[in-house]
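Every chain is numbered from 1 and lettered A, B, ... according to where its sequence line falls, protein lines coming before strand lines.
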Number of protein chains: 2
Amino acid sequence: MLSQKCKYAIRTILYLASKNEEGEKKDLKKISEALKIPTPYLGKILQELVPKKIISSIKGPNGGFFLTEQNLQLPVIKIIEAIDGLTLFEACGLGLHVCSDKHPCPIHNDFKVARDHLKNMFANKSIEELAKEINSKHFMLI
Amino acid sequence: MLSQKCKYAIRTILYLASKNEEGEKKDLKKISEALKIPTPYLGKILQELVPKKIISSIKGPNGGFFLTEQNLQLPVIKIIEAIDGLTLFEACGLGLHVCSDKHPCPIHNDFKVARDHLKNMFANKSIEELAKEINSKHFMLI
DNA sequence: AGAATTAAAGACCTTTTTATCTTTTATTTA
DNA sequence: TAAATAAAAGATAAAAAGGTCTTTAATTCT
């Protein structure tokens, strides 16, 4: 469904968001240990997200990764778009290049319902909203 | 979503089903050319499905792959189960090992709706049913 | 029986994904 | 300014997915 890379990214960002008290930064090691994600790999992933303005970082002592107000307002689908792209929400369920409402594959209609449901959820929930739910309903990230 | 291998398998089986007039067999080359799937790779895939009783085959001249009445009655999910397994329909959307209604991840509830929708579709449609729709509504397989 | 046909089986190759390790650069603080 | 800290960058490695090729076995037809 989502790639491992993308799932790691979402979990990390929701973790940062749910602990985002007054610009608190978290360093790579702290994050990777908390979420049990391989440290060097997570470093790679987070490096990709900084220039794409999905997360923020500062080098040096007391540096680390964090989320700005702008970052927090992004819908979760932006994370997915940055890592996996949006093909998941657009591609044919059977892998056909040509598959549309007009020229559907055999499972097109049902598949589309499920695909759109997912897409809408990810497009409509901001990182901040989800983080608030995590804190109030103590959803699991680990 | 589904692996390439699995999508190839489903398309092949729906192709066989939609042309299943009086035990007609199709050889590997014919199928792979019709569906534009790499011949040796498709061979590999179909070999896996024969001992699992999802498709049938006969060697030698005029041999090939075909579907018995029993094969036709299988729900499409059996193909998925044989190739990818059922983890797609069971696993957490964020890759957590522990994620359930009782201990949900942040996207558990919405994810489950989409996941179950897909699962129900694949579990409730038999290969034969889908093949009939293909023939009557000329859905695309290529 | 022998040639032709077609699936089965297995070894091999390529690409992508996932993960690790090392070096460099920026920043802070003592 | 020097030492410490932490991200950035890049090279490398391991595993999985996707795909190819060659040989073998079963069947049919002449």
query = Once the angle between the rings of Tyr8(B) and Tyr41(B) is folded into 0 to 90°, is it parallel (under 30°), tilted (30 to 60°) or perpendicular (over 60°)?
reply = perpendicular

inquiry  = Check Lys5(B) with Glu48(B), please: is the shortest side-chain N to carboxylate O separation under 4.0 Å?
reply    = yes

In whole Å, what is the span from the [atom1] atom of [X] to the [atom2] atom of [N]?
X	N	atom1	atom2	value
Lys5(B)	dA16(D)	NZ	P	13 Å
Ile37(A)	dT18(C)	CD1	C1'	13 Å
Ile45(A)	dA7(D)	CD1	C1'	15 Å
Lys25(A)	dT5(D)	NZ	P	16 Å
Asp84(B)	dA16(D)	CG	P	15 Å
Lys29(B)	dC21(D)	NZ	P	13 Å
Phe66(A)	dA7(D)	CZ	P	11 Å
Leu46(B)	dT20(D)	CG	C1'	16 Å

task = Would you check, one step at a time, whether the test salt bridge (charged side-chain N to carboxylate O under 4.0 Å, His left out) holds for Glu81(A) with Lys78(A)?
result = CA-CA 5 Å; Glu81(A) 186 176 13; Lys78(A) 286 283 173 189; 3.6 Å; yes

Counting only N and O atoms by type, is there a donor-acceptor contact under 3.5 Å from the side chain of [X] to the main-chain atoms of [Y]?
X	Y	result
Lys52(A)	Ala82(A)	yes
Asp84(B)	Ser3(B)	yes
Arg115(B)	Leu88(B)	no

key: Nucleotide-resolved protein contact map, nucleotides 20-30 of chain C, B/S/- at heavy-atom distance under 4.0 Å   = BB---BBBBS-

inquiry  = Measuring only between side-chain heavy atoms, which start at C-beta, is Pro106(A) closer than 4.5 Å to Leu141(B)?
reply    = yes

task = Kindly give the heavy-atom pair with the smallest separation between Arg11(A) and Leu94(B), and that separation in Å.
result = CD-O, 3.4 Å

Stems involving DNA chain C, each a run of at least 3 consecutive Watson-Crick or G-U pairs under 3.5 Å = C:1-30 with D:1-30

ask   = How is Gln47(B) classified with respect to the nucleic acid when contacts are heavy atoms under 4.0 Å: base, sugar-phosphate, or nothing?
value = base

For Lys36(A), all residues meeting side-chain contact (heavy atoms from CB on, under 4.5 Å), sequence neighbours excluded = Ile142(A)

